[in-house]
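Heads up, the thing below is written out as structure tokens.
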Amino acid sequence: MKDLDPVDLDLVIVGGCGHVGLPFALSLAECGYRVGINDIDEKKIEEVRSGRVPFREAGADALLTKLLPTGRLELSRDPAMLRRTRTVILVIGTPIDEFMNPSMRIFENVLDELAPHVQNGSLIVLRSTVYPGTSETVERRLRAAGIDADVAFCPERIAEGHALEELRTLPQLVGVNSDAAFAKARELFERMGVASVIRTTPLEAELAKLLTNTWRYMKFAIANQFFQIVSRSGLDYNRVLNAIRQDYPRAADLPGPGFAAGPCLLKDTMQLSAFTADHFPMGQAAMQVNEGLPGYIVDTLNARRPLLGRTVGILGMAFKGESDDPRASLSYKLRKLAQFKGARVLCTDPYVPDPSFEALDTVLRDSDVIVVGAPHRAYRGLELDGREVVDIWGITGPIRL
């Protein structure tokens with residue numbers, strides 16, 4: 001058993017400069033916690049130290065500016081920082097590999113690197129979505145390394161861009177196997193003033209998070225499938241969708257069509273598929289519909305008039321509106337498929353930095369076809385009358401393909 005070392009940090013967040021870790025760190029520091037931010041990305045660490053949040057997050061820049069002078073935030077890429085606390089929050093998930101199966105290698109490598117610095121008696125909070133059973137695996141690996149620590153799975157449930165608000169207004173799940181671990185984790189969140197704390201076992205919390213994201217992904221899939229059915233019938237989907245929803249509360253939650261993308265929904269649906277003995281055929285079908293939507297758009301355009309030699313302009317390369325996050329964005333898949341058909345593709349985005357992108361005015365001027373890839377508010381007022389426009393989101397006007 002390791003000797004206990006003196007501590008001067010209330011907690012350390014590993015992966016603390018990312019979309020999940022940094023808003024959490026700021027919220028905890030605002031409540032008075034002394035927070036260590038550990039991250040391997042030196043560039044992001046320097047950005048945060050200089051008072052700049054590396055991504056778009058409502059209210060985060062102002063809060064960071066307010067907190068830096070207090071001394072309650074400390075940043076480092078050295079894992080030895082963990083020796084100075086007995087509460088470690090890991091914001092490291094399990095991605096999927098090229099075969100759509102969970103990949104544990106990154107998680108295991110990070111854990112092996114961090115384990116020598118974890119104090120006995122620590123609480124280890126897993127914050128990112130993980131493959132079912134990961135929490136208990138972490139606890140076993142720590143005990144095998146001679147470390148007596150409690151592990152809690154407390155998944156983030158926020159929407160990117162709204163984390164600071166939702167951290168306090170949404171209930172927190174705490175998946176634990178002991179009363180002692182629950183008491184520690186509950187205190188951590190209750191001091192933030194969260195809406196409520198719900199106790200589960202680790203496996204229950206892991207599955208609850210996967211099921212939540214998969215449910216959203218499947219709702220988007222049925223919306224996209226409905227859109228394709230009506231579109232193939234030669235009808236105006238706006239009229240059909242209005243007929244479904246208008247003054248009919250049982251259909252009010254039917255989403256409109258759009259790209260179901262980003263770093264979470266597909267990944268978590270495929271993790272659930274890997275976990276189940278029948279490989280979750282409904283989830284597989286949802287993946288085929290959502291991932292197939294860019295292909296449906298390109299094939300429809302090409303059938304209408306061959307794309308060979310034409311110029312396609314894509315407005316928005318982030319995975320969702322008002323975001324600067326391009327991870328797993330289907331706009332990139334759309335670009336590749338259009339290029340396969342022989343089109344020249346111009347891309348633009350007001351938030352995603354990329355030297356290959358063009359200014360909005362250039363894309364609008366030089367494109368034969370305009371496709372809205374992300375529904376940024378900046379596109380609402382565009383004058384597109386008389387243009388060939390694909391807008392499955394309906395951000396520039398009616399839904400159209």
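Predicted model, so just to flag it, every value in this text is computed and none were measured. What you see below is based on every heavy atom in this structure, not just the backbone, and it leaves out hydrogens, waters and symmetry mates.
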His117 and Glu113 have their tightest heavy-atom pair at CD2-O, 3.5 Å
Can you tell me how far CD1 of Ile92 sits from OG1 of Thr134, rounded to the nearest 0.5 angstrom? 12.0 Å
Run the salt-bridge test on Asp10 and Arg34 with the 4.0 Å N-O cut-off and return the result as yes or no. yes
Heavy atoms from other residues, nucleotides or ligands near CD1 of Ile106 exceed 12 (cutoff 6.0 Å): no
Salt bridge check: are Glu74 and Arg84 linked by an N-O gap of less than 4.0 Å? yes
Does atom CZ (Arg105) have a neighbourhood of more than 12 heavy atoms from anything else shown, all under 6.0 Å? no
State which residues pass side chain to side chain contact (heavy atoms under 4.5 Å, CB included) with Arg245; sequence neighbours excluded, sorted by chain then number. Leu241
Using 4.0 Å as the upper bound for N to carboxylate O, is an ion pair formed by Arg56 and Asp325? no
In short, Ala374 meets Met317 closest at the heavy-atom pair CB-N, 4.4 Å
Taking the side chain as every heavy atom from C-beta outward, state whether Leu360 and Leu382 have any atom pair closer than 4.5 Å. yes
With sequence neighbours left out, the residues meeting side chain to side chain contact (heavy atoms under 4.5 Å, CB included) with Glu187 are none
Is the count of non-hydrogen atoms from other residues, nucleotides or ligands lying under 6.0 Å from Ile40 atom CD1 greater than 12? no
Hits for side chain to side chain donor-acceptor pair (under 3.5 Å) against Ser135, two or more places apart or cross-chain, chain-then-number order -> Glu206
Give the minimum heavy-atom separation between Ala29 and Val35, together with the two atoms involved. N-CG2, 3.8 Å
What are the two closest heavy atoms between Leu68 and Val48, and how far apart are they? CD1-O, 3.7 Å
Is it true that Arg377 and Glu322 make a salt bridge, defined as a side-chain N closer than 4.0 Å to a carboxylate O? yes
Just by distance, no angles: are the side chains of Ser356 and Asp354 close enough, under 3.5 Å, to form a donor-acceptor pair? yes
Using salt bridge (charged side-chain N to carboxylate O under 4.0 Å, His left out) as the criterion, list what pairs up with Lys267, not counting sequence neighbours. none
Is it true that Lys43 and Glu46 have a side-chain N and a carboxylate O under 4.0 angstrom from each other? no
Less than 4.5 Å apart, side chain to side chain, heavy atoms only: is that true for Val14 and Leu82? yes
For Glu165, the side chain to side chain donor-acceptor pair (under 3.5 Å) test, sequence neighbours excluded, returns none
Arg49, CZ: over 12 other non-hydrogen atoms inside 6.0 angstrom: yes
Sorted by chain and number, sequence neighbours left out, ring-ring contact (aromatic ring centres under 6.0 Å, His included) with Tyr379 holds for His376
Just by distance, no angles: are the side chains of Tyr131 and Thr137 close enough, under 3.5 Å, to form a donor-acceptor pair? no
With Thr311, which residues qualify under side chain to side chain contact (heavy atoms under 4.5 Å, CB included), at least two apart? Arg344, Leu346, Ser367, Asp368
Salt-bridge criterion met for Asp179 and Arg199 (N-O under 4.0 Å): yes
Note: Leu26 and Ala60 closest approach over all heavy atoms is CD1-O, 3.9 Å
For Tyr332, the ring-ring contact (aromatic ring centres under 6.0 Å, His included) test, sequence neighbours excluded, returns none
Pair Arg72 + Glu30: basic N to acidic O under 4.0 Å: no
Donor-acceptor contacts under 3.5 Å from residues 247-254 side chains, at least two apart:
residue, atom, partner, partner atom, Å
Tyr248, OH, Arg250, NH2, 3.2

Considering residues, nucleotides and ligands other than Arg239, do more than 12 of their heavy atoms fall under 6.0 Å from its CZ? no
Non-neighbouring partners of Tyr33 that pass ring-ring contact (aromatic ring centres under 6.0 Å, His included), sequence neighbours left out: none
Thr362: partners by side chain to side chain contact (heavy atoms under 4.5 Å, CB included), with sequence neighbours left out: Glu358, Ala359, Arg365, Asp366
Specify the closest pair of heavy atoms between Ala338 and Val345, including all atoms of both residues, with the distance to one decimal. CB-CG2, 3.8 Å
Is the shortest distance from a Lys or Arg side-chain nitrogen in Arg143 or Asp148 to a carboxylate oxygen in the other one below 4.0 Å? yes
The ring-ring contact (aromatic ring centres under 6.0 Å, His included) partners of Phe227 (sequence neighbours excluded) come to Tyr237
Once you round to the nearest 0.5 Å, how far does CZ of Phe275 lie from CG of Leu207? 5.0 Å
Can you find a heavy atom in the side chain of Thr85 that is under 4.5 Å from one in the side chain of Gln119? no
Is there side-chain contact between Val289 and Gln228, with at least one heavy-atom pair below 4.5 Å? yes
